[in-house]
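Reading through the structure tokens given below for one structure.
Please read these numbers as outputs of a predicted model, since none were measured by experiment. Below, read A as the first sequence line, B as the second, and so on, with proteins coming before strands; counting in each chain starts at 1.
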Amino acid sequence: MCGRYTLRARLNQLLQMYSAQSEIEISPRYNIAPSQKVPVLRLGEDSGMREIVLMRWGLIPSWAKDEKIGYKMINARSETIQEKPSYRSAFKRRRCLVLADGFFEWQRQGSKKQPYLFQKKDGAPYGYAGLWETWTKGHQPMQSCTIITTTANELVEDVHDRMPVILQERHLENWLNPEFDHVDRLKAMLAPYPSDEMQRYPVDPMVGSPKNDKPECVEPIELG
DNA sequence: CCAGACGTTGTT
DNA sequence: GTCTGG
DNA sequence: CCAGACGTTGTT
DNA sequence: GTCTGG
């Protein structure tokens with residue numbers, strides 16, 4: 001699962017890394033929560049060029065009567081994404097990359113919960129395989145997205161049994177391209193990222209509150 | 001035919 | 001919108 | 001994901 | 001317990 005993550009990278013770095021254009025502004029984030037506006041890489045609907053835009057995290061299907069449904073749609077299971085009514089049309093034509101550089105998972109220890117931060121060994125930014133939709137409320141179109149999950153790798157599994165799909169660079173072009181329709185190849189991209197390219201450490205439980213969006217959220221702590 | 005769901009996770 | 005269940 | 005609210009009426 | 005809000 002993935003219900004909280006970080007994006008500390010600068011926009012310039014992301015634009016360069018993904019050869020993308022953007023008109024947004026962002027500041028470093030240490031605790032991104034569902035329902036917030038998050039930076040997403042996709043192909044422009046008209047231009048076909050890579051662009052980074054802001055979307056609400058929590059996918060609102062086009063047919064929804066009410067945006068509240070988005071609170072439940074923060075993740076999509078890779079195993080069933082193709083069949084679920086809420087996700088299948090986006091899986092065909094509206095794939096994206098949700099930009100990040102770390103994610104949190106909570107380990108349940110009886111009634112206590114211990115959060116851990118997971119990131120790449122070098123701390124570099126990356127992207128989650130994601131889907132997006134447009135939903136129209138009155139005359140106001142709203143774009144929203146979800147993060148695809150898969151089974152945990154060896155580094156994650158004793159904290160939690162699911163993890164977000166970190167998309168391998170080599171798959172990005174086909175993943176973003178709405179014309180690419182090899183379903184089996186798309187699904188094969190939705191695999192756990194290799195453990196040996198990741199690191200983890202425990203962090204302060206204050207990350208639980210979305211109000212705490214500060215550097216202390218990503219500092220290692222000693223468990224005692 | 002119409003009505004109702006459409007999601008993931010964790011816990012019991 | 002589209003599918004499942006009654 | 002976790003945290004926090006969860007209600008109505010009347011008065012200031 | 002369940003839903004909303006961030």
Where at least one partner belongs to residues 89-129 of chain A, residue pairs that pass ring pair (Phe, Tyr, Trp, His ring centres under 6.0 Å), sequence neighbours excluded: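 Pairs touching residues 89-129 of chain A that pass the test: A:Tyr5-A:Tyr128, A:Phe103-A:Phe118, A:Tyr126-A:Tyr128.
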For [X], answer base if it contacts any base atom (sugar-phosphate contacts may also be present), sugar-phosphate if it contacts only those atoms, and nothing otherwise; contact means non-hydrogen atoms under 4.0 Å.
{"X": "A:Ala64", "value": "nothing"}
{"X": "A:Thr80", "value": "sugar-phosphate"}
{"X": "A:Phe104", "value": "nothing"}
{"X": "A:Thr146", "value": "nothing"}
{"X": "A:Asp213", "value": "nothing"}

Between [X] and [Y], is there shared hydrophobic-cluster membership here, with clusters defined by ILVMFWY side-chain heavy atoms closer than 4.5 Å?
{"X": "A:Ile221", "Y": "A:Tyr201", "value": "no"}
{"X": "A:Tyr71", "Y": "A:Ile32", "value": "no"}
{"X": "A:Leu176", "Y": "A:Leu54", "value": "yes"}
{"X": "A:Val207", "Y": "A:Leu7", "value": "no"}
{"X": "A:Met206", "Y": "A:Val203", "value": "no"}

Secondary structure of DNA chain B in dot-bracket form (Watson-Crick or G-U wobble, distances below 3.5 Å, | marking inter-strand pairs): ||||||......
A:Arg77 and A:Thr149: side chain donor to acceptor below 3.5 Å: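 Their side chains do not contain a donor-acceptor pair, so the 3.5 Å distance test is not met.
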Side-chain donor-acceptor contact under 3.5 Å, A:Gln119 with A:Arg8: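 Yes - a donor-acceptor pair under 3.5 Å links their side chains.
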Please report the distance separating the [atom1] of [N] from the corresponding atom of [M], rounded so that it comes out in whole Å.
{"N": "B:dA5", "M": "E:dT2", "atom1": "P", "value": "16 Å"}
{"N": "E:dG6", "M": "B:dG4", "atom1": "P", "value": "31 Å"}
{"N": "E:dC3", "M": "B:dT9", "atom1": "C1'", "value": "16 Å"}
{"N": "B:dT12", "M": "E:dG1", "atom1": "C1'", "value": "13 Å"}
{"N": "D:dC1", "M": "B:dT8", "atom1": "P", "value": "12 Å"}

Selection residues 16-41 of chain A - residue pairs positive for salt bridge (charged side-chain N to carboxylate O under 4.0 Å, His left out), sequence neighbours left out: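 Checked against salt bridge (charged side-chain N to carboxylate O under 4.0 Å, His left out) - neighbours excluded - the pairs reaching residues 16-41 of chain A are A:Arg29-A:Asp213.
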Salt bridge (charged side-chain N to carboxylate O under 4.0 Å, His left out) pairs, two or more places apart, involving residues 189-201 of chain A: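 For residues 189-201 of chain A, and leaving out neighbouring residues, the salt bridge (charged side-chain N to carboxylate O under 4.0 Å, His left out) pairs sorted by first residue read A:Asp158-A:Arg200.
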Where protein sits on nucleotides 1-6 of chain C, one letter per nucleotide: B base, S sugar-phosphate only, - none, heavy atoms under 4.0 Å: BSS---
Rounded distance in Å - CG (A:Asp161) to P (B:dT8):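 Taking atom P of B:dT8 as the reference, CG of A:Asp161 is at 13 Å.
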Value in whole Å for how far the P atom of B:dG7 lies from NZ of A:Lys84: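 The distance from NZ of A:Lys84 to P of B:dG7 comes to 5 Å, rounded to the nearest Å.
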What are the atom names and distances for every N/O pair under 3.5 Å that joins the protein to nucleotides 1-6 of chain D?
from, atom 1, to, atom 2, distance (Å)
D:dC1, O2, A:Arg4, NE, 2.9
D:dC1, O2, A:Arg4, NH2, 2.8
D:dC2, O4', A:Arg4, NH2, 2.9
D:dC2, O3', A:Gly208, O, 3.4

Student check: side-chain heavy atoms of A:Glu219 and A:Lys214 closer than 4.5 Å: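 No, too far: nothing below the 4.5 Å cut-off.
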Heavy-atom donor-acceptor pair, A:Asp161 side chain to A:Thr151 backbone, under 3.5 Å: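 Not a single qualifying donor-acceptor pair exists.
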Phosphate contact (B:dG7 OP1 or OP2) by A:Thr149 side-chain N/O below 4.0 Å: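 Indeed not, no polar side-chain atom of A:Thr149 lies that close.
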